[in-house]
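Residue numbers run from 1 in the order of the sequence given. This one's a predicted model, so the numbers in the text were calculated from it and none came from an experiment. Heavy atoms only: backbone and side chains are in, while hydrogens, waters and symmetry mates are out. Atoms within a ligand are numbered from 1 in the order they appear, just like the ligands themselves.
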Amino acid sequence: MLFFCTSRLFAQAPSPYGALPTPRQLTWQETEMYCIIHLSMATMTDKEWAYGDENPAIFNPSNFDAMKIVAAAKAGGFKGIIVVAKHHDGFCLWPTKTTSHNISASPWKNGKGDLLKDYQEACRKLGMKMGVYLSPWDRNSALYGSPAYVSTIYRQQLKELYTNYGPLFMSWHDGANGGDGYYGGKREVRKIDRSTYYGWDTTWAITRKLQPGAAIFGDAGPDVRWVGNEEGYAGETYWATFTPQAADGKVPSNGNVRYEESPTGTRNGKYWIPAECDVPSRPGWFYHQSQDGQTKSAYKLIDLYYKSVGRGACLDLGLSPDKNGQLTQEDIDNLRKFGAILKQTFAVNLAKGATFQASNIRSNEANKFGPQFLTDDDRYSYWATDNNVATPSLVVDLHHPATFNVIRLRENIKLGQRIEGAAIDIYQNGSWKQIAAVNSIGANRLIRLPQNVITTKVRLRITASPVCIAISDFGLFKEPEHLSAPVISRNRDGLVDITTEAPVSEIHFTTNEGEPDKNTTRFTAPFAFSGSGTIKAIAIEGGKQSEKTVKFFGLNKSGWTIKADTAGNTAQAAMRAIDDDDHTIYITKSSAISQPKAITVDMGKELTINGFSYLPRQDKKTEGIVDRYKYELSLDGVQWFTVAAGEFSNIAANPIEQNIKIKTPQKARYFRFTALHVIAGGPATIAEIGVF
Ligand code: FUL
């Protein structure tokens with residue numbers, strides 16, 4: 001009798017460990033993948049951020065069909081969408097009562113249209129979730145910067161969205177805040193204090209009341225944190241727990257976080273705030289015709305999937321309808337292909353039907369805590385060990401040789417994120433051989449091996465955990481075979497090389513915008529290409545063809561010299577800006593803080609210039625990144641004419657190469673790039689500057 005009681009006592013579930021997810025966060029976690037859709041004023045003006053002074057008359061996406069866009073996302077395996085209802089320019093895509101700067105002032109459907117309604121309807125019909133993005137920064141509003149903006153406009157807009165367009169699974173609040181804008185005609189710079197201005201606690205209380213199921217996204221949470229980059233990946237080791245730290249030592253709020261810690265999170269962090277990995281499917285968030293052909297390929301998306309969802313975060317992929325309101329065929333095809341690859345990969349769990357032998361089962365109660373729960377497709381039923389067994393192992397006997405390259409592990413996160421180390425072994429030639437190791441598991445861990453392995457037995461070893469374990473899933477999968485796309489590179493002498501991961505029988509390419517296939521030029525040795533243009537290549541092996549690689553090159557920089565550096569730095573240091581090496585950074589002298597920070601280049605001969613490129617530093621730091629510029633040309637280095645000036649929008653969060661076309665091509669031998677404003681003050685930084 002006594003024995004019976006004790007075993008009943010032991011049979012209790014393990015105590016939860018650390019911060020825990022709320023039911024709302026669990027639902028969000030299970031969503032795994034959704035798309036954020038940017039179609040607004042910036043689409044019409046071909047910018048990444050519109051300024052706020054746009055005339056609603058230019059907004060007319062005449063072929064917009066929400067069903068088509070939502071269906072394309074669904075075909076990609078995405079389970080929801082987030083609609084950008086208002087971007088930084090302040091134009092509202094629904095007929096709001098808060099401002100006349102909204103869709104009813106546009107010619108679209110004669111001012112009777114409502115994009116949000118259309119999306120809501122499409123989501124309902126297609127069984128997709130919907131969320132909203134409402135930019136706190138509003139470059140149109142005259143009131144922006146005053147308390148009245150927050151209370152009578154921003155919160156009011158949220159109330160309209162929450163009341164009329166639910167049910168919402170997310171409320172998305174981005175961190176880009178304050179700066180220059182139209183502001184009702186004032187055209188000035190408005191700064192706000194990110195930690196106090198928006199009064200987020202009051203705002204979020206509205207969200208909780210009107211849309212209790214919506215997970216709130218912000219740089220520091222409260223439900224979902226930004227992963228700290230717009231490249232679509234979480235840290236290789238990833239914790240859903242997070243203790244946000246403010247950059248300035250104050251209490252962190254939305255837009256005020258030390259982003260260095262965001263990809264990884266905080267082991268034993270104070271709160272459960274998992275990360276969302278947001279990444280545009282094209283280089284920018286908005287559609288730009290000049291970026292056609294640069295959509296991330298299906299296999300590039302697959303790579304990001306493993307680095308986001310596969311590390312325990314969620315993936316938020318940006319879709320960018322064009323001026324007519326349509327996704328390009330290329331974007332639609334990519335989504336479909338991506339969805340098909342995922343479906344095929346995860347169709348069969350090769351571990352189903354295997355015999356599991358665990359080194360320990362909690363209180364010996366296999367029916368309650370045994371490893372059979374690992375393959376039942378329930379994220380919360382689990383194998384657990386006794387309280388004093390934190391590093392158990394599990395032998396999975398597949399009974400026959402199986403081929404796979406993906407291993408899936410999940411913890412029952414209702415009991416927290418517990419495990420700190422795990423290794424996978426396979427049985428080969430009579431002994432165990434380790435093939436992978438990770439430091440975190442969490443909601444979902446996909447280990448993608450570089451090659452298939454074949455084995456009859458797999459062993460999971462938990463190598464570190466502060467407490468007993470609660471694992472809910474073990475899966476083995478095989479990705480469909482595919483050929484990796486080639487890599488195209490050019491050296492400083494203008495020689496182009498095209499390489500592949502593994503040897504292939506043929507590589508074909510084009511240099512004239514044409515599409516490569518087995519009939520276009522075959523690559524046999526590096527070739528000279530010093531002009532500006534796009535090279536596209538494919539690999540062919542055993543009847544299989546790879547995805548194509550597309551690489552754009554500016555004019556070759558050999559022979560270029562630094563003419564003068566008005567920031568007073570040495571020419572040698574400034575060469576880093578034109579050394580064709582993305583990893584070296586030129587930093588102008590800090591003594592030049594108040595002066596314009598410029599770099600002047602002599603290209604050695606007169607050339608026709610169509611535009612220029614600026615690559616910001618690629619080392620994950622934002623100091624000195626130029627966000628307002630002037631670009632001048634000269635034939636003799638004495639007389640200068642300005643051919644472009646403007647803003648590099650969103651360059652801090654998405655530091656991709658900025659390609660600026662000048663209105664009419666010009667002849668010049670010299671160019672001067674001036675930083676009119678840099679992020680975080682101080683000197684300007686340049687990874688590369690080029691012309692095309
Ligand atoms: C950022 C914005 O500044 C970008 O334009 C984009 O909307 C991205 C999703 O969020 O904060």
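Salt-bridge annotation for R139 and D53: absent, with no side-chain N of the basic residue lying under 4.0 Å from a carboxylate O of the acidic one. D333 and K337 are not joined by a salt bridge, as no carboxylate oxygen comes within less than 4.0 angstrom of a charged side-chain nitrogen. Ionic pairing of R225 and E261 is not present here: no N-O contact between side-chain nitrogen and carboxylate oxygen is shorter than 4.0 angstrom. Look at K109 and D118 and you find a salt bridge, because one of the NZ, NE, NH1 or NH2 atoms lies within 4.0 Å of a carboxylate O, short of that distance.
Each of W49, Y287, W285 was scored for a ring-ring contact (aromatic ring centres under 6.0 Å, His included) with H38, with one residue passing: W285.
Ring orientation note: the planes of F612 and F673 are tilted relative to one another, at an angle of 30° to 60°.
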One line per pair, note the atom names and distance for all nitrogen or oxygen contacts under 3.5 Å between ligand 1 and the protein.
from     : atom 1 : to   : atom 2 : distance (Å)
ligand 1 : 3 (O)  : W49  : NE1    : 3.1
ligand 1 : 3 (O)  : H88  : NE2    : 2.8
ligand 1 : 3 (O)  : N650 : OD1    : 3.3
ligand 1 : 5 (O)  : W49  : NE1    : 3.1
ligand 1 : 5 (O)  : H87  : NE2    : 2.9
ligand 1 : 7 (O)  : H38  : NE2    : 2.7
ligand 1 : 7 (O)  : H87  : NE2    : 2.9
ligand 1 : 7 (O)  : Y133 : OH     : 3.0
ligand 1 : 11 (O) : D174 : OD2    : 2.9

